[in-house]
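Model, not experiment: these values are computed from the prediction. All chains are named by letter (A, B, ...) in the order of the sequence lines, taking the proteins before the strands, and each is independently numbered beginning at 1.
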Protein chains: 2
Amino acid sequence: MSNKLASLYLENQLCFPLYAASRLTTKIYTPFLNELDITYPQYLVLMILWQHPEQSVNEIGKKLLLESNTLTPLLKRMEQKNLIQRTRSKSDERSVVITLTENGLSLREKALSIPEKIADSFQDESISKEEVVSFKQTLDKLLGILAEKA
Amino acid sequence: MSNKLASLYLENQLCFPLYAASRLTTKIYTPFLNELDITYPQYLVLMILWQHPEQSVNEIGKKLLLESNTLTPLLKRMEQKNLIQRTRSKSDERSVVITLTENGLSLREKALSIPEKIADSFQDESISKEEVVSFKQTLDKLLGILAEKA
DNA sequence: TACATTTGTATCGTTCACGATTTAATCTCT
DNA sequence: AGAGATTAAATCGTGAACGATACAAATGTA
């Protein structure tokens with residue numbers, strides 16, 4: 001990184017490929033998520049709730065690294081779709097508890113096949129399993145560092 | 001990937017860490033870009049134009065993997081800020097040519113220090129140079145595969 | 001008990017991202 | 001040359017992200 005000029009090129013930076021890969025990966029999910037009539041961020045919220053069907057906005061936000069300015073509108077849309085319920089916590093009136101509805105819970109079965117389908121669509125590609133594992137390790141490490149900075 | 005249930009968890013997937021890392025990395029740029037009064041996508045367009053100060057919307061789109069539905073409004077905002085000019089191509093009236101203004105060109109010098117500042121903010125972290133290089137290689141490979149699919 | 005501080009959500013405004021569609025220019029092929 | 005196909009931008013509507021701010025509940029402290 002000694003060359004300032006070179007570092008101004010897109011292809012020499014890390015942020016751009018992250019940004020582009022993120023967008024394009026999300027796009028791969030889209031056709032499968034369309035079948036469930038949900039978006040990718042909504043799918044993320046559902047995955048979190050499928051693990052523990054009752055969590056506060058704050059807890060969800062910590063897992064997704066999002067704040068209420070993003071989550072509140074997102075969760076309201078999910079409430080309108082009857083995927084979740086939003087209720088003020090009795091024990092702490094500041095907090096809003098999100099609970100899965102029957103409907104939201106039922107999507108879980110349909111979603112079970114999604115990761116497999118995604119994996120399939122990469123099956124014939126020239127990235128080895130070891131490379132993916134090592135890649136994900138560094139990605140997680142990077143994410144840890146970034147999350148600390150935020 | 002034998003366990004479908006496990007694969008439904010966020011942390012086993014690649015898409016979520018990419019999504020989160022992309023957002024958080026962009027956030028690291030924000031304070032530096034604020035000094036130039038530009039956003040991250042605007043910075044990307046400028047980097048492309050600093051290499052070749054006259055390119056069509058289409059050419060820019062190919063490099064950023066974005067289409068006119070995203071680029072047209074983005075470029076219009078940049079035109080309003082007097083960073084670029086938008087003119088119909090004479091040789092092909094369908095095409096719109098984007099040219100850097102004096103103002104847009106002049107930001108280049110201020111931007112030169114940004115990659116260094118970003119690198120500095122990761123300096124004390126526990127990721128080796130080799131790990132980053134290998135990571136970027138896989139990321140680029142992944143991006144290539146994704147771009148082909150799109 | 002009062003009062004300042006912190007915490008959890010919500011709201012607002014701006015900018016992106018993107019699917020779907022439209023329009024006009026160009027290309028192709030006969 | 002003319003008809004159909006392709007290409008390049010633009011437009012529209014929806015859903016995110018996110019900084020800044022507001023507000024009420026809870027917590028800490030004098």
Side-chain angles (χ1 to χ4, degrees), chain A residues 15-16 18-31 33-34 37-45 55-62 64-81 83-84 86-98 146 150, chain B residues 15-16 18-31 33-34 37-45 55-62 64-81 83-84 86-98 146 150:
Chain A
C15 190
F16 171 69
L18 277 174
Y19 153 85
S22 167
R23 286 193 297 108
L24 296 187
T25 307
T26 303
K27 260 188 201 174
I28 303 232
Y29 281 76
T30 302
L33 297 178
N34 280 345
D37 191 31
I38 54 175
T39 66
Y40 183 72
Q42 290 169 16
Y43 174 59
L44 293 178
V45 170
Q55 295 183 66
S56 72
V57 173
N58 206 0
E59 289 171 311
I60 294 171
K62 275 178 187 154
L64 296 183
L65 307 173
L66 289 171
E67 293 171 49
S68 65
N69 53 1
T70 301
L71 280 177
T72 298
L74 175 59
L75 293 169
K76 279 186 176 174
R77 284 187 289 270
M78 294 180 72
E79 187 181 36
Q80 283 194 324
K81 285 185 182 177
L83 296 169
I84 59 162
R86 298 163 63 247
T87 38
R88 285 277 161 192
S89 162
K90 288 286 176 194
S91 59
D92 184 342
E93 290 274 345
R94 291 170 303 180
S95 186
V96 167
V97 176
I98 306 299
L146 289 166
Chain B
C15 190
F16 172 70
L18 278 174
Y19 154 85
S22 167
R23 286 192 297 110
L24 296 186
T25 308
T26 303
K27 257 188 203 174
I28 303 233
Y29 280 77
T30 302
L33 297 178
N34 280 344
D37 191 32
I38 54 175
T39 65
Y40 183 71
Q42 290 170 15
Y43 172 60
L44 293 178
V45 170
Q55 295 183 67
S56 72
V57 172
N58 207 359
E59 288 172 312
I60 295 171
K62 274 178 188 155
L64 296 184
L65 307 173
L66 288 171
E67 292 171 48
S68 65
N69 53 1
T70 302
L71 281 176
T72 299
L74 175 59
L75 293 168
K76 279 186 176 174
R77 285 186 290 270
M78 294 180 73
E79 186 181 37
Q80 283 193 323
K81 284 185 180 177
L83 295 170
I84 58 163
R86 297 163 64 247
T87 39
R88 284 279 161 190
S89 162
K90 288 286 176 194
S91 60
D92 185 342
E93 291 273 345
R94 291 172 302 181
S95 185
V96 167
V97 176
I98 307 300
L146 289 166

Legend entry - Sequence-distant partners of B:E93, salt bridge (Lys or Arg N to Asp or Glu O under 4.0 Å), two or more places apart: none
Legend entry - Interatomic distance, B:L71 CG vs D:dA8 C1' [rounded to whole Å]: 12 Å
Legend entry - Nearest-nucleotide comparison on DNA chain D, the residue closer to the 5′ end among A:K81 and A:L65: A:K81
Inset, instruction - Look at the side-chain N and O atoms of B:Y19 and state whether any lies under 4.0 Å from the OP1 or OP2 oxygen of D:dA16. - result: no
Inset, instruction - Whole angstrom is fine here: how far is it from CG in B:N34 over to C1' in D:dA20? - result: 12 Å
Legend entry - Distance (rounded to the nearest 0.5 Å) between A:K81 NZ and A:T39 OG1: 6.0 Å
Inset, instruction - Go through D:dC18, C:dC18, C:dT9 for me and flag the one nearest to the A:N58 side chain. - result: C:dT9
Inset, instruction - Can you figure out which of C:dA10, D:dT11, D:dC18 approaches the side chain of B:T72 most closely? - result: D:dT11
Legend entry - Short side-chain to backbone donor-acceptor contact, A:R86 and A:V97, under 3.5 Å: no
Inset, instruction - Report yes if at least one side-chain N or O of B:R88 is closer than 4.0 Å to OP1 or OP2 of C:dA24; otherwise report no. - result: no
Inset, instruction - Give, for atom CG of B:N58 and atom CD1 of B:I98, the distance between the pair rounded to the nearest 0.5 Å. - result: 11.5 Å
Legend entry - From D:dA17, C:dA17, C:dT15, nucleotide with atom closest to B:R77 side chain: C:dT15
Legend entry - Selection from D:dA16, C:dT11, D:dA26 that lies nearest to any side-chain heavy atom of A:K76: C:dT11
Legend entry - Atom-pair distance (CD on A:E67; P on C:dT9), nearest Å: 12 Å
Inset, instruction - Using a 4.0 Å heavy-atom cut-off across all strands, classify B:S56 as base, sugar-phosphate, or nothing. - result: sugar-phosphate
Inset, instruction - Take atom CG of A:D92 and atom C1' of D:dA24, then tell me their distance rounded to the nearest Å. - result: 11 Å
Inset, instruction - Keeping the roles fixed (side chain from B:Y40, backbone from A:F16), state whether a donor-acceptor pair exists under 3.5 Å. - result: yes
Inset, instruction - Could you check whether B:K62 gets within reach of a base, just the sugar-phosphate, or nothing at all, counting any heavy atom under 4.0 Å? - result: nothing
Legend entry - Polar side-chain contact B:S68-D:dA10 base: donor and acceptor under 3.5 Å: yes
Legend entry - Distance test, side-chain N/O of B:S95 to OP1/OP2 of D:dA9, below 4.0 Å: yes
Legend entry - Length of the CG-C1' vector between B:L66 and D:dA10, whole Å: 15 Å
Inset, instruction - Determine the contact category for A:S89: base if any of its heavy atoms lies under 4.0 Å from a base atom, sugar-phosphate if only primed atoms, P, OP1 or OP2 are that close, otherwise nothing. - result: nothing
Legend entry - A:T39 vs B:R86, nearer the 5' end of DNA chain D by closest nucleotide: B:R86
Legend entry - Distance-only donor-acceptor test (3.5 Å): side chain A:R94, base C:dT7: yes
Legend entry - Selection from D:dA20, D:dA26, D:dT7 that lies nearest to any side-chain heavy atom of A:N69: D:dA20
Legend entry - Point-to-point distance, once rounded to the nearest 0.5 Å, from CD1 of A:I84 to NZ of A:K76: 11.0 Å
Legend entry - Per A:Q42 side chain, nearest of listed nucleotides D:dA9, D:dG15, D:dA25: D:dG15
Inset, instruction - Just compare C:dC16, C:dA10, D:dC18 and give me whichever is closest to any side-chain atom of B:P41. - result: C:dC16
Inset, instruction - Round to a whole Å and report the spacing from CG of A:L146 to C1' of D:dA17. - result: 16 Å
